[in-house]
Amino acid sequence: MPSLAPEPRAMASPSRLARAPRPRPTPASSSVAAALLASASALPARRFLQLHAHLLRTGLLALSPSAPAFLSLAAASLPSHRALAVLDHHLTAPPSLPSTFKCNSILRALSDPADALRFLRRMRALGRRGNAFTLAILLTPRCGPAHARQLHANAVAEGHLRDALLATSLMRCYANGGDGDGARKLFDEMPVRDAVAWNVLIASCVRNRRTKDTLKLFEEMRAREGEVQPDDVTCILLLQACTTLGALDFGERVWAYAEERGYGGELKVRNSLIAMYSRCGCVEKAYCVFRKTPQKSVVSWSTMISGLAANGFGEDAISSFEEMIRSDVAPDEQTFTGVLSACSHSGLVDEGFRFFDMMCCEYRLKPNVRHYGCIVDLMGRAGLLDEAYELVTKEMRVAPDATIWRTLLGACRIHGHVDLGECVISHLIELKAQQAGDYVLLLNTYAAVGDWNKVAEVRKLMKEKGIQTTPGCTTVEHNGEVHEFIADDDAHPRKVEIYDKLNEINRHLRIAGYVPNVSSELHDLDSEGKESALTYHSEKLAIAFALLVTPQHRPIRLAKNLRVCVDCHNFTKVFSGIYKRLVIVRDRTRFHHFEGGKCSCNDYW
DNA sequence: ATAGGGTTAG
């Protein structure tokens with residue numbers, strides 16, 4: 001580092017500075033300064049002021065390669081009012097009015113949109129109108145739809161809308177504000193649509209979970225091969241869509257495409273692929289890709305660890321974490337989220353607490369609401385319900401959100417803890433966050449202890465309040481087609497075969513000792529009625545269908561929109577043993593791997 | 001020389 005002697009008076013009097021003699025810098029020293037500036041993202045304010053003084057003294061600041069970087073650094077290092085003072089000085093003082101490019105660099109570095117707008121006004125007052133990129137920068141921070149519309153109007157007035165960069169920035173703002181149609185309209189009006197424009201549109205669909213549109217757009221894009229080519233980002237976005245959709249086949253097609261185009265080695269693409277495989281229940285394949293990835297980043301490790309955790313491989317997740325530490329990759333908050341969820345899913349209570357302490361003490365990471373969520377889940381599953389409640393109400397350093405309460409409610413359901421369940425519901429109501437699923441959990445809690453009066457009471461309450469429950473739905477992917485089942489479904493073209501198969505399965509399972517768990521049925525029917533209502537839950541229909549169409553050696557893969565109910569869990573467990581089939585069920589939160597009469601998760605009985 | 005992107009509890 002060059003010596004940066006402080007020169008406090010230099011800052012105090014800009015006019016004096018303007019008169020100060022400027023030695024001519026050599027090209028070598030100017031490139032050193034540029035490199036120095038480019039390498040630092042932010043400095044402590046005092047250190048920045050020293051650097052400022054030095055650059056002024058040596059005249060290096062007047063050279064164009066270092067000036068934009070310097071101004072960005074100013075914005076990043078100083079409190080905004082001081083940064084603006086520095087920027088002001090360079091805007092008004094000689095040697096010259098900064099170029100539009102310089103102004104854009106400053107704008108980019110201002111994190112507060114209000115500062116950016118003030119700066120823009122000053123810029124215009126000094127006669128710099130800015131270009132399309134200037135407007136695009138203003139769209140970069142998360143600006144709301146109103147702001148976007150305003151800048152949209154400016155762009156139209158100044159004739160910048162033909163600029164692809166500006167148009168795509170606008171599209172992104174509309175899409176993020178939930179206005180997918182607005183984004184689409186801009187896209188359709190673009191004279192030339194580059195890959196980024198397509199990607200922004202695809203990202204908008206992925207974000208709004210319009211997965212079918214996502215896949216359609218990819219097809220459309222590929223049909224215009226002469227005009228535009230999908231790039232690595234396109235592949236990442238598509239893999240993301242497959243992850244939320246659980247669309248394994250399509251995901252593998254995207255992967256093959258990425259390899260064909262030469263993106264297969266890119267770390268970010270590989271990380272998305274690891275996530276896709278994990279979230280589709282193919283954790284072995286995810287692990288295989290992970291192993292073959294040479295330069296694993298903290299994201300690769302975290303993705304793999306959460307993937308193993310979600311699939312019930314808690315011990316493997318923990319040994320991966322230990323391996324990560326040994327290979328000198330520093331874990332971050334997300335890594336610990338994965339590790340803690342591994343502990344909660346596998347019932348590793350002591351380890352969970354140990355990792356939580358490790359995170360706070362050894363790695364100095366501040367626990368966030370997700371970390372606490374895992375700990376609450378961990379304690380709740382282990383039956384430490386009152387302790388978990390204490391943690392949430394007294395010890396947590398962050399405000400509990402609805403999910404924390406819902407986690408605790410799930411634990412009340414597992415352990416039939418009625419009193420706490422009622423208390424938790426009142427917290428959810430207080431947060432105005434109660435959902436139909438929460439009342440169902442409470443209802444399940446009453447059902448677990450056989451309090452049918454209370455069950456009826458909750459049902460009545462739900463009816464009065466007009467709370468609609470989501471119907472349970474199970475899907476099976478077969479030959480690239482998604483088959484959907486709901487309870488007592490008679491819509492499927494092969495319904496007769498399916499019901500016959502299910503009756504046959506039921507007979508076999510009963511011989512093997514499966515007893516329907518009537519507490520899973522919510523309706524207050526007599527015992528026999530309950531049993532028959534249970535028989536045709538969507539999951540069982542889906543299993544019967546899958547048994548008809550999947551070859552013996554392949555796993556049966558189901559996806560559920562709700563949690564697996566206790567009876568279906570038990571049913572599937574016994575089924576996997578009798579029929580010697582691996583069944584992988586993805587529910588709202590994770591995967592259940594059923595094999596040989598057992599399940600990978602430990603909280604159903 | 002500037003945009004768009006990867007992991008994240010239940």
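Just so it is clear, the structure is predicted and the values come from calculations on it, not from any experiment. Sequence lines set the chain letters: A, B, ... in the order given, protein chains first and strands last, and positions in each chain run from 1.
Residue contacts shown for A:Asp231 include a base, since a base heavy atom lies under 4.0 Å away. Nucleic acid contact for A:Thr403: base, since at least one base atom lies under 4.0 Å from a heavy atom of the residue. Contacts of A:Asp377 with the nucleic acid, taken as non-hydrogen atoms under 4.0 Å apart, involve only primed sugar atoms and P, OP1 or OP2. Residue-level contact check: A:Leu273 touches neither bases nor backbone, having no heavy atom under 4.0 Å from any strand. Within 4.0 Å of A:Ser306, counting heavy atoms only, lie sugar-phosphate atoms of the nucleic acid but no base atom. A:Ser300 comes within 4.0 angstrom of no nucleic acid atom, judged by non-hydrogen atoms across all strands. Note on A:Thr303: only backbone sugar-phosphate atoms sit closer than 4.0 angstrom, heavy atoms only; bases stay farther off. Nucleic acid contact class of A:Val369 (heavy atoms, under 4.0 Å, all strands): base. Among the atoms of the strands shown, none is found under 4.0 Å from any heavy atom of A:Asp163. Residue A:Asp194 is classed as a base contact, given a heavy-atom separation below 4.0 Å to a base. Within 4.0 Å of A:Glu266, counting heavy atoms only, lies no atom of the nucleic acid at all.
Aromatic rings of A:Trp301 and A:Phe290 (six-membered ring for Trp) have centroids within the 6.0 Å cut-off, being under it. Here A:Tyr287 and A:Tyr277 keep their ring centres 6.0 angstrom or further from each other. Remark: aromatic rings of A:Phe356 and A:Tyr372 are close, center separation under 6.0 Å.
A sub-4.0 Å separation between OP1 or OP2 of B:dG4 and a side-chain N or O of A:Arg172 is present. A sub-4.0 Å separation between OP1 or OP2 of B:dT8 and a side-chain N or O of A:His371 is absent. Between A:Ser344 and B:dG10 there is a side-chain polar atom (N or O) within less than 4.0 angstrom of OP1 or OP2.
Side-chain proximity of A:Arg370 to B:dA9, B:dG4, B:dG10: nearest is B:dA9. Here the side chain of A:Arg563 is nearest to one of B:dG4, B:dG10, B:dG6, namely B:dG10. Checking B:dA3, B:dA9, B:dT7 against every side-chain atom of A:Ala275, the shortest atom distance belongs to B:dT7. Here the side chain of A:Ser302 is nearest to one of B:dA3, B:dA9, B:dT7, namely B:dT7. Here B:dA9 is the nucleotide among B:dG4, B:dA3, B:dA9 with the atom lying nearest to any side-chain atom of A:Cys374. Here B:dG6 is the nucleotide among B:dG10, B:dG6, B:dA3 with the atom lying nearest to any side-chain atom of A:Ile236.
Between the side chain of A:Ser297 and the base of B:dG6, at least one donor-acceptor pair of N or O atoms lies under 3.5 Å.
Atom CE in A:Met190 sits roughly 16 Å away from atom P in B:dA3 (whole-Å rounding). Atoms OH (A:Tyr174) and P (B:dA3) sit 21 Å apart, rounded to a whole Å. One can place CZ of A:Phe187 at 17 Å from P of B:dG4, the figure rounded to the nearest angstrom. As a whole-Å value, the separation of A:Asn199 CG from B:dA3 P is 14 Å. Distance A:Tyr372 OH to B:dT8 P: 22 Å, rounded to the nearest Å. In this structure, A:Ile202 atom CD1 and B:dG4 atom C1' are separated by 11 Å, rounded to whole Å. Rounded to an integer number of Å, the gap from A:Tyr263 OH to B:dG4 C1' is 13 Å. B:dG4 atom P lies 14 Å from atom CD of A:Gln240, rounded to whole Å.
Side chain to side chain, A:Thr234 and A:Asp231 meet the donor-acceptor criterion of an N or O pair below 3.5 Å.
Looking at residues two or more places apart in sequence or on another chain, you find a side-chain contact (heavy atoms from CB on, under 4.5 Å) between A:Gln150 and A:Asn154.
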Pairs of donor and acceptor atoms involving the side chains of residues 189-197 of chain A, under 3.5 Å and at least two apart or interchain, shall be tabulated with distances.
from	atom 1	to	atom 2	distance (Å)
A:Glu189	OE2	A:Lys185	NZ	3.2
A:Arg193	NE	A:Phe187	O	2.8
A:Arg193	NH2	A:Asp188	O	2.9
A:Asp194	OD1	A:Val196	N	3.3
A:Asp194	OD1	A:Ala197	N	2.9

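For the pair A:Met324 and A:Pro331, the minimum side-chain heavy-atom distance is below 4.5 Å.
Under a cut-off of 6.0 angstrom, the local environment of CD in A:Gln295 is sparse, with at most 12 non-hydrogen atoms contributed by other residues, nucleotides or ligands.
Minimum heavy-atom separation, A:Met276 to A:Cys242: CG-CB, 3.9 Å.
Contact check of residues 321-342 of chain A against DNA chain B (heavy atom, cut-off under 4.0 Å) returns A:Gln334, A:Thr337, A:Ser341.
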